[in-house]
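Worksheet: one structure, shown below.
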Amino acid sequence: MKAFTDSWVDTFSTVYSDEPLARLAWFTASPGIELIKLVADGVIKRGDRVVDLGCGPGVDSVFLAAQGMHVTGIDLSDAALEKARAWARLSGVSPEFVQGDVLDPPLSDGVADVVTDSFVFHNMRDDARSIYADQVHRLLRPDGLFVLNSFSDRMVPGTGPRRITSSDILSTFDSTRFDCEELRTYRNLPTATKPDQIHWIGRFRKVG
Ligand SMILES: C[S@@+](CC[C@H](N)C(=O)[O-])C[C@H]1O[C@@H](n2cnc3c(N)ncnc32)[C@H](O)[C@@H]1O
């Protein structure tokens, strides 16, 4: 099954070859600001094994590797992974980048202390969501942490991915399998078309 709608599948299949990174709405050249805080606060720690689902050009993955985590980034797009590998090389770190589908990641059960999702879930089709949550759960070790960064319904309507409600998130990463430690909005960096970027940051602990 496709994880995203056809139009997003089409977009992601070409955009990394056709456009410079700075033209991509989700590319800021900086790791996520809430991800930086989680590292600064010691929630994600040196030595942790992190799987970055839909890592794109690898900005979060390279940041985490530079902070001493063992990182595996997964993306469907070879062109995105090529850029991610180039950035890792320039930075002198060695995260592993794997071409694969987040609905069927080619990784073993329990490989991750932490799984991160930066701007992947909000593109996902409704019927793919529970498969995705199964995979996040499968990849995490017992008590492992899932960190979700996504568009929210507190943003103005308009172009781009769907706006996501808290119940979309809580019904997908549900309490039978995930303990929600935190789910709140924050103000992310503005873009030219979206000055009010109110996004979700969620922290979920694997249960079961
Ligand atoms: C909005 S981008 C976010 C990239 C990166 N996480 C970031 O924050 O810069 C979404 C990413 O999901 C990837 N993607 C789309 N469908 C996928 C799938 N089924 N499996 C793996 N990656 C996928 C796209 O290629 C794209 O790089």
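Being a predicted model, the structure only gives us computed values, none of them experimental. Sequence positions, counted from 1, serve as the residue numbers for this chain. Both ligands and their constituent atoms are indexed starting at 1 by order of listing.
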* Report yes if some heavy atom in the side chain of Ile169 is under 4.5 Å from a heavy atom in the side chain of Ile164; otherwise report no. => yes
* Mind jotting down which residue pairs meet the side-chain hydrogen bond (donor to acceptor under 3.5 Å, both in side chains) criterion with at least one end in residues 83-99? Sequence neighbours excluded, please. => none
* Asked: So, does Trp26 sit close enough to ligand 1 that a heavy atom of it is under 4.0 Å from the ligand?
  -> yes
* To do: Check whether the side chains of Tyr132 and Asp134 place a donor and an acceptor atom closer than 3.5 Å, and report yes or no.
  => no
* Asked: Are any of the N/O atoms in Gly54 less than 3.5 Å from those in ligand 1?
  -> yes
* Compute the ring centroids of Trp26 and Phe12, then answer whether they are less than 6.0 Å apart. => yes
* Taking only residues at least two apart or on different chains, which pairs with a member in residues 57-78 satisfy side-chain hydrogen bond (donor to acceptor under 3.5 Å, both in side chains)? -> Asp52-Ser61
* Could you tell me whether some N/O pair between Asp52 and ligand 1 is separated by less than 3.5 angstrom? => no
* Assess whether atom CD of Gln197 is packed by more than 12 heavy atoms of other residues, nucleotides or ligands within 6.0 Å. => yes
* Close approach, Leu103 and ligand 1, non-hydrogen under 4.0 angstrom -> no
* Asked: Does any N/O atom on Asp75 come nearer than 3.5 Å to any N/O atom on ligand 1?
  -> yes
* To do: Of the side chain and backbone of Phe27, name the one, both, or neither that has a heavy atom under 4.0 Å from an atom of ligand 1.
  => neither
* Asked: Stepwise, does the salt bridge (charged side-chain N to carboxylate O under 4.0 Å, His left out) test hold for Asp126 with Arg162?
  -> CA-CA 11 Å; Asp126 288 355; Arg162 300 157 66 185; 2.7 Å; yes
* To do: Using heavy-atom distances, let me know which of Gly56, Ser118, Ser150 sits nearest atom 3 (C) of ligand 1.
  => Ser118
* Asked: Touching ligand 1 at all, Gly100? Heavy atoms, strictly under 4.0 Å?
  -> yes
* Asked: Which of the atoms in ligand 1, numbered in the order shown and given with their element, are less than 4.0 Å from a heavy-atom of Asp101?
  -> 18 (C), 19 (N), 20 (N)
* Closest by any non-hydrogen atom to atom 22 (N) of ligand 1: pick that one out of Leu24, Asn123, Leu76. => Leu76
* May I ask you to say whether Glu34 pairs ionically with Arg187, meaning some side-chain N is under 4.0 Å from a carboxylate O? => no
* To do: Could you tell me whether Cys55 approaches ligand 1 through its side chain, its backbone, both or neither, with non-hydrogen atoms closer than 4.0 Å?
  => backbone
* Asked: Hey, is Ala80 one of the residues with a heavy atom under 4.0 angstrom from ligand 1?
  -> no
